[in-house]
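Working notes for the structure below.
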Amino acid sequence: MVEKEEAVSHFIVDMIEKDVAEGRHQQIMTRFPPEPNGYLHIGHAKSICLNFGLAEQFGGVCNLRFDDTNPTAEDVEYVESIKDDVRWLGFDWEDRLYFASDYFEKMYQYAEELILAGKAYVCTLSPEEFKEYRGVPTRPGTPSPWRDRPIEENLDLFRRMRAGEFSDGEYVLRAKIDMSSPNLHMRDPAIYRIKHAHHHRTGDSWCVYPMYDFAHGLEDAIEGVTHSICTLEFEVHRPLYDWLLDQLSVPCHPQQIEFARLNLTYTVMSKRKLLELVRDKVVWGWDDPRMPTVSGLRRRGYTPESIRAFCRKIGVTKMGSLTDIALLEHCIREELNASAPRAMVVLDPVKLIIENYPEGQVEYLDGVNNPEDPEAGTRPVAFTRELYIERGDFMEEAPKKFFRLKPGQEVRLRYGYLVTCTGCEKDPVTGEVLAVTCTYDPETRGGNAPDGRRVKGTIHWVSKPECADLPVRLFDRLFQVEQPDDVPEGGSFRDYLNPESCEQIVAKGEAMLLDTEAGVRCQFERNGYFVVDEKDSQPGKPVFNRIVPLKDSWGRQHKN
RNA sequence: UGCCCGGUCGUCUAAAGGCAGGACAGCUGGUUUUGGUCCAGUCAGUGGGGGUUCGAAUCCUCCCCGGGCAACCA
């Protein structure tokens with residue numbers, strides 16, 4: 001951890017506190033157990049903060065363990081990205097990097113132990129056939145005809161499964177539990193299947209792989225995990241988790257605890273859907289700044305601190321919920337308001353001509369780098385007769401409460417002079433405003449009038465001859481509706497994709513911004529927070545991503 | 001219609017039989033050289049009916065609503 005964050009409290013903390021008070025454990029051990037079949041998203045970040053946070057809070061440790069028991073879906077690319085993301089979020093697994101695949105031999109031995117105990121059998125039924133035998137929630141199942149295969153035969157068949165004598169799906173090893181259990185997961189679940197597949201770590205040394213339900217509890221027990229924290233959908237698996245550990249000679253019996261996964265408005269969180277967006281090139285990749293992936297948020301400009309703050313604020317419960325993405329945005333604004341240096345950048349430029357300002361003259365005015373941080377100092381900002389201002393900061397016919405430029409109204413050019421709007425030049429055909437005109441008061445250098453008169457509006461600007469062209473991407477939410485998952489019959493979450501989620505423009509900004517290095521964040525005054533894209537920028541040629549816009553009480557009330 | 005889990009301001013979440021509180025969002029006002037920030041204020045909630053109790057968001061009961069579970073995925 002980068003810094004100590006204040007302790008949190010929720011039902012899992014309470015449970016562990018109780019266990020500690022009762023002297024149940026020498027040391028608390030949790031784990032973050034991703035399957036390397038996709039990139040981590042903000043929901044995983046919640047789990048990471050929870051597991052690593054708990055370990056830290058109780059003076060224990062948290063392992064990073066890859067649950068790589070299904071070679072057909074997994075890949076080293078994912079392993080590496082996941083390690084990067086966990087590290088970036090600020091967590092350290094030290095020397096405890098584990099892989100389920102490292103336990104394959106042990107798990108295989110446990111499977112034989114289960115067979116020997118008469119608690120597992122090799123089943124010849126196909127998946128379709130077993131589906132019939134399993135029954136439905138309202139009707140008990142019927143035993144597989146192979147349920148009472150003799151132990152010796154089971155052992156022989158299982159060994160031959162491992163030896164590669166059979167093809168995929170020909171046999172499966174099942175736990176022998178209760179075909180009439182109201183919990184479907186207890187109706188003789190498959191625990192080992194044959195898969196002649198190349199594993200990204202064990203290569204071709206195995207052709208049988210353990211199923212999640214069999215493997216996960218063993219992985220936890222082998223490592224000595226005390227609290228095995230997972231999401232709500234595994235709640236119905238807990239009886240199986242416990243049953244298995246009770247049957248086998250494992251070193252310990254970890255406690256599975258379930259919490260509600262994170263859902264966020266205006267996004268999708270399932271790996272399947274995120275993968276689809278990547279595969280179909282709807283987005284640029286897993287790290288597209290619009291993606292809720294950790295790498296996407298990172299490229300978007302979110303900081304690890306802001307994501308951890310978010311995870312702290314959302315809490316941990318068992319209530320299914322949908323968190324407003326505004327809370328995430330609040331967290332990054334809160335941090336960047338305090339830390340990000342400011343700059344003036346005009347996103348949608350229109351020329352402003354100061355009619356009484358000498359042609360050819362350049363003045364360098366002091367721009368405050370961060371009003372929230374006096375230590376940040378000031379910088380020189382070039383001021384000239386022709387400037388660029390935001391097109392939206394001028395209205396020829398404006399409502400009374402429009403504090404910006406309109407004919408006859410005086411406004412402040414931030415850190416510059418007070419100017420009074422005299423009118424505008426328009427294209428006689430289209431009516432488009434080509435330039436706004438004004439006069440300045442030479443007595444107001446820096447922005448204050450000696451006579452004490454006040455202006456309501458302050459606008460940002462850049463010098464036309466002294467500014468730089470800056471490529472900027474204005475990101476918006478990827479989906480247009482709060483719940484893209486909530487789709488009517490026959491529809492798809494993709495129907496809700498926002499066609500305007502990435503507007504690419506060339507803005508006019510202070511020339512010094514050309515020197516901004518990749519990954520550096522700053523505030524474009526009156527606009528939002530931006531970061532220099534790590535991938536698409538070159539030294540001296542930054543490309544800016546908008547992280548989040550500033551709150552805008554004017555725009556909010558006057559949209560269209 | 002089987003089993004499991006869950007229902008507290010719009011949203012997320014506290015209150016472990018004793019004043020329903022915070023954060024986000026919204027709204028109002030103040031300050032302000034960012035219509036930002038900050039400050040003050042405000043709106044707003046225990047799904048419903050019974051019961052236990054001096055006292056119930058909390059315990060019991062019935063109902064209602066939401067989610068999960070029938071991969072050789074995790």
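All figures in this text were calculated on a predicted structure; none of them were measured in a lab.
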Residue list, ring pair (Phe, Tyr, Trp, His ring centres under 6.0 Å) with [X], at least two apart or on another chain:
| X | result |
| --- | --- |
| Phe66(A) | Phe99(A) |
| Phe383(A) | Tyr357(A), Tyr417(A), Trp461(A) |
| Tyr171(A) | Phe166(A) |

Worksheet item: So, do His199(A) and Phe104(A) have ring centers that fall under 6.0 Å from each other?
Response: yes
Worksheet item: Can the ring centroids of Tyr302(A) and Phe310(A) be said to lie less than 6.0 angstrom from one another?
Response: no
Between [X] and [N], is there a contact of a side-chain N or O with OP1 or OP2 at under 4.0 Å?
| X | N | value |
| --- | --- | --- |
| Arg526(A) | G35(B) | yes |
| Arg193(A) | A74(B) | yes |
| Ser321(A) | U13(B) | yes |
| Thr138(A) | U1(B) | no |
| Thr69(A) | A74(B) | yes |
| Arg134(A) | C72(B) | yes |

Please, which pairs that meet side chain to side chain donor-acceptor pair (under 3.5 Å) have at least one residue in [range], sequence neighbours excluded?
| range | answer |
| --- | --- |
| residues 316-334 of chain A | Glu235(A)-Lys318(A) |
| residues 337-349 of chain A | Arg342(A)-Asn370(A) |
| residues 129-146 of chain A | Ser126(A)-Glu129(A) |

Worksheet entry | Proximity to RNA chain B (any heavy atom under 4.0 Å), residues of residues 39-46 of chain A only | none
Fill in: A44(B), syn or anti by chi within 90 degrees of zero
anti
Worksheet item: Which residues pass the side-chain contact (heavy atoms from CB on, under 4.5 Å) test with Ser47(A), sequence neighbours left out?
Response: Phe32(A), Asn51(A), Phe259(A)
Response to the item:
Residues passing the side-chain contact (heavy atoms from CB on, under 4.5 Å) test with Asn369(A), sequence neighbours excluded, are Ala376(A), Arg379(A)
Response to the item:
side chain to side chain contact (heavy atoms under 4.5 Å, CB included) test vs Leu54(A) passes for just one of Val316(A), Ile257(A), Ile16(A), namely Ile16(A)
Practice prompt. Report yes if the ring of Tyr212(A) lies under 5.5 Å from the six-membered base ring of A74(B) with planes under 30°, and no otherwise.
Written response: no
Practice prompt. Could you tell me whether Glu525(A) contacts a base, only the sugar-phosphate backbone, or nothing, with contacts defined as non-hydrogen atoms closer than 4.0 Å?
Written response: base
Practice prompt. Could you tell me whether Pro371(A) contacts a base, only the sugar-phosphate backbone, or nothing, with contacts defined as non-hydrogen atoms closer than 4.0 Å?
Written response: base
Discussion item. Run through RNA chain B and report every stem of 3 or more consecutive Watson-Crick or G-U pairs, distances under 3.5 Å, ordered by first number.
Written reply: B:2-7 with B:64-69, B:10-13 with B:21-24, B:26-30 with B:38-42, B:47-51 with B:59-63
Response to the item:
Given protein heavy atoms under 4.0 Å, the one-letter contact record of nucleotides 22-28 of chain B, with B base, S sugar-phosphate only and - none, is simply --SSSS-
Using the 3.5 Å cut-off, write out each protein N or O paired with an N or O of nucleotides 64-69 of chain B and the distance between them.
| residue | atom | partner | partner atom | Å |
| --- | --- | --- | --- | --- |
| C69(B) | O2' | His185(A) | NE2 | 3.0 |

Fill in: Close side-chain approach of His44(A) to Lys271(A), heavy-atom, < 4.5 Å
yes
